[in-house]
Amino acid sequence: MKIYYLVTVTFLLGFHPSFSQEIKKAETVPTTCEAMCKANTSKKALLLQSIANKAKSTNSTDGMVWVEGGEFNMGSNDYPDSKPIHKVTVKGYWIDEHEVTNAQFSAFVKATNYITIAERPLDPKDYPGVPLENLVPGSAVFSPPAGKVSLQNMQQWWQYVPGASWQHPSGPESTIVGLENNPVVQISYLDAKAYAEWAGKRLPTEAEWEFAARAGRPHTKYYWGTELKPNGKWMANIFQGSFPNNNTAEDGFAAAAPVKSFPKNPLGIYDLEGNVWEWCSDLYRDDYYKMTASDNPTGPSTSHDPEEPGVEKHVQKGGSYLCSDQYCIRYVAGSRGKGETTSACNHLGFRCVSDK
């Protein structure tokens with residue numbers, strides 16, 4: 001997905017720098033008597049150890065679902081970058097039963113003082129010629145136009161909003177108070193990766209994500225089956241109405257829904273389609289499915305998107321509450337999304353997996 005990248009460039013006339021932040025782990029304390037007697041007990045050492053312990057997650061599989069490994073047909077013939085459908089084998093893993101929530105991400109920030117990409121200051125050296133008053137941290141926000149517009153220019157419904165972040169998804173006046181059980185959004189790939197490392201987990205590979213979404217079922221158009229609304233019931237949080245200006249919210253939600261608002265799949269996993277896009281660990285290449293490995297693929301070694309050559313992107317899966325059959329139908333089975341590594345917007349989140 002290129003939404004945030006394009007909107008930011010339009011607003012700032014430059015490129016957002018790539019940031020990273022490592023979460024330090026506490027060193028293992030020796031257990032022999034001699035080593036223990038020589039252990040460093042200075043005030044500084046104890047303080048650093050205390051900070052490290054506070055920053056560590058419990059690394060538990062609570063709230064996760066075990067996915068037994070196996071073989072499946074991956075991809076879709078409906079989209080150029082999802083062809084061809086090919087057999088893939090994955091080994092077993094744990095996966096979060098729902099997207100990471102605001103409450104869970106809040107715990108991470110409280111423990112580590114992590115600052116997301118959208119909240120970080122912008123360096124004027126990275127934006128030559130841009131007025132200093134425009135160099136304000138922020139992110140992309142969906143802003144529906146008043147009436148119907150051409151679907152050829154996404155900047156008619158996306159805006160760079162100063163002050164937008166995970167705590168203020170739509171801008172500085174918005175809040176997540178009362179939305180603790182909603183999926184966290186305005187999360188870049190780097191932010192999601194930092195959380196996963198803190199939690200003792202990792203981001204899923206694209207193959208692991210799709211294997212969990214298919215849940216052993218036949219290769220159908222939708223992850224849940226052949227019908228969009230089986231028995232007249234919406235199975236995912238997507239956009240109904242006239243995109244982008246008139247969301248009828250027939251499924252009950254005009255924006256992200258609290259986790260577990262829609263039926264779980266046969267494995268007991270929620271919201272693997274619609275609601276919010278989810279980051280995967282794989283770099284994105286439009287031609288990757290023509291060369292992908294069949295055994296536990298982890299993605300290509302380099303990223304390439306012909307629409308934005310030279311911009312590093314990672315795969316996103318599942319679509320979001322803004323996916324519409326009129327514009328973006330990428331909640332359907334086997335389809336793919338893409339996003340620049342430091343991108344964030346208010347329909348983009350993630351979930352984690354674990355090998356333990």
Side-chain angles (χ1 to χ4, degrees), residues 1-5 72-88 90 95 99 142 151 154 183 189 203-230 234-240 243-244 251 256 262 265 269-292 297-300 303-308 313-340 343 345 347-351:
M1 183 181 62
K2 62 182 180 180
I3 292 168
Y4 176 75
Y5 179 79
F72 74 112
N73 290 320
M74 183 174 177
S76 168
N77 285 327
D78 292 335
Y79 305 96
D81 65 347
S82 299
K83 297 179 180 180
I85 296 174
H86 53 289
K87 287 191 179 297
V88 168
V90 296
I95 188 169
E99 303 117 328
F142 177 71
L151 300 183
M154 69 177 64
Y189 171 81
L203 295 179
T205 66
E206 183 178 5
E208 289 171 334
W209 193 101
E210 187 169 327
F211 184 73
R214 292 193 181 280
R217 293 169 291 191
H219 198 280
T220 54
K221 180 174 181 178
Y222 306 104
Y223 286 120
W224 57 82
T226 58
E227 298 180 44
L228 176 61
K229 295 173 61 180
W234 288 103
M235 302 297 290
N237 181 16
I238 58 176
F239 190 104
Q240 297 91 35
F243 185 86
D251 59 14
F262 291 81
N265 76 6
I269 309 170
Y270 296 85
D271 298 318
L272 283 164
E273 54 282 301
N275 216 25
V276 299
W277 282 101
E278 300 181 19
W279 287 108
C280 293
S281 60
D282 306 45
L283 288 167
Y284 174 84
R285 285 192 67 93
D286 64 313
D287 57 356
Y288 179 58
Y289 281 17
K290 297 179 176 67
M291 62 181 79
T292 182
T298 57
S303 171
H304 176 67
D305 179 4
E307 295 182 355
E308 293 182 282
K313 296 186 178 183
H314 283 79
V315 174
Q316 300 164 352
K317 296 286 279 187
S320 79
Y321 64 86
L322 292 178
C323 277
S324 164
D325 291 355
Q326 298 173 344
Y327 181 71
C328 171
I329 194 175
R330 296 280 176 134
Y331 61 89
V332 301
S335 58
R336 313 169 76 202
K338 55 193 176 184
E340 190 267 334
S343 294
C345 54
H347 70 334
L348 175 57
F350 70 107
R351 78 177 72 214

**Report entry** Any side-chain heavy-atom pair of Met235 and Tyr223 under 4.5 Å
**Finding:** no
Query raised in the report: So, does Gln240 use its side chain to make a donor-acceptor pair with the main chain of Ile238 at under 3.5 Å?
Result: yes
**Report entry** Stepwise side chain to side chain contact (heavy atoms under 4.5 Å, CB included) check, Phe211 with Ile95
**Finding:** CA-CA 11 Å; Phe211 184 73; Ile95 188 169; over 6 Å; no
Query raised in the report: Would you say the side chain of Pro84 lies within less than 4.5 Å of the side chain of Lys290, judging by non-hydrogen atoms?
Result: yes
Query raised in the report: Do the side chain of Arg330 and the main chain of Arg336 share a donor and acceptor less than 3.5 angstrom apart?
Result: yes
**Report entry** Side chains of Tyr284 and Asp81, donor plus acceptor under 3.5 Å
**Finding:** yes
Query raised in the report: For residues Trp209 and Glu278, is any side-chain donor paired with an opposing acceptor at under 3.5 Å?
Result: yes
Query raised in the report: Quick one: NZ on Lys229 to CH2 on Trp234, what's the gap to the nearest 0.5 Å?
Result: 5.0 Å
Query raised in the report: With distance as the sole test, does Ser76 use its side chain to make a donor-acceptor pair with the main-chain N or O of Ser82 at under 3.5 Å?
Result: no
**Report entry** Gap between atom CG of Asn275 and atom OH of Tyr270 - 0.5 Å precision
**Finding:** 13.5 Å
Query raised in the report: Tell me, do Lys313 and Glu308 make a side-chain contact under 4.5 Å, heavy atoms counted?
Result: yes
Query raised in the report: Which atom pair, heavy atoms only, marks the closest approach of Val88 to Ala207?
Result: CG1-CB, 4.0 Å
Query raised in the report: Does a side-chain heavy-atom distance below 4.5 Å link Arg217 with Asn265?
Result: yes
Requested in this report: Rounded to the nearest 0.5 Å, what's the gap from CG on Leu322 to CH2 on Trp277? Could you check?
Outcome: 10.5 Å
Query - Greater than 12 external heavy atoms within 6.0 Å of Lys221's NZ - result: no
Report task. Take Glu273 and Phe262, measure what side chain to side chain contact (heavy atoms under 4.5 Å, CB included) needs, and give me the verdict at the end. Result -> CA-CA 10 Å; Glu273 54 282 301; Phe262 291 81; over 6 Å; no
Query raised in the report: Quick one: OG on Ser281 to CZ on Phe350, what's the gap to the nearest 0.5 Å?
Result: 13.5 Å
Query raised in the report: For the residue pair Thr220 and Ala333, what are the closest heavy atoms and their distance?
Result: O-CB, 3.4 Å
Report summary line: Residues Ile85 and Asn77: closest non-hydrogen pair is CD1-ND2, 3.5 Å
**Report entry** Matching residue for Asn73 among His86, Lys87, His219, Glu210 - test: side chain to side chain donor-acceptor pair (under 3.5 Å)
**Finding:** Lys87
Query raised in the report: In terms of side-chain geometry, is the basic nitrogen of Asp282 or Lys317 positioned less than 4.0 Å from the acidic oxygen of its partner?
Result: no
Report task. Check whether any side-chain heavy atom of Arg351 sits under 4.5 Å from a side-chain heavy atom of Asp271, and report yes or no. Result -> yes
Query raised in the report: Which pair of non-hydrogen atoms, one from Ser335 and one from Tyr79, has the smallest distance, and what is that distance?
Result: CB-CE1, 3.7 Å
Report summary line: What one should report as the nearest heavy-atom pair of Val90 and Phe72 is CG1-CE2, 4.5 Å
Query raised in the report: From Asp325 CG over to Phe243 CZ, what is the distance, rounded to the nearest 0.5 angstrom?
Result: 11.5 Å
Query - Gap separating the SG atom of Cys280 from the CD atom of Glu208, nearest 0.5 angstrom - result: 9.0 Å
Query raised in the report: Of the non-hydrogen atoms in Cys323 and Tyr331, which two are nearest, and what is the gap between them?
Result: CB-CD2, 3.6 Å
Requested in this report: Check whether any side-chain heavy atom of Tyr321 sits under 4.5 Å from a side-chain heavy atom of Asp251, and report yes or no.
Outcome: no
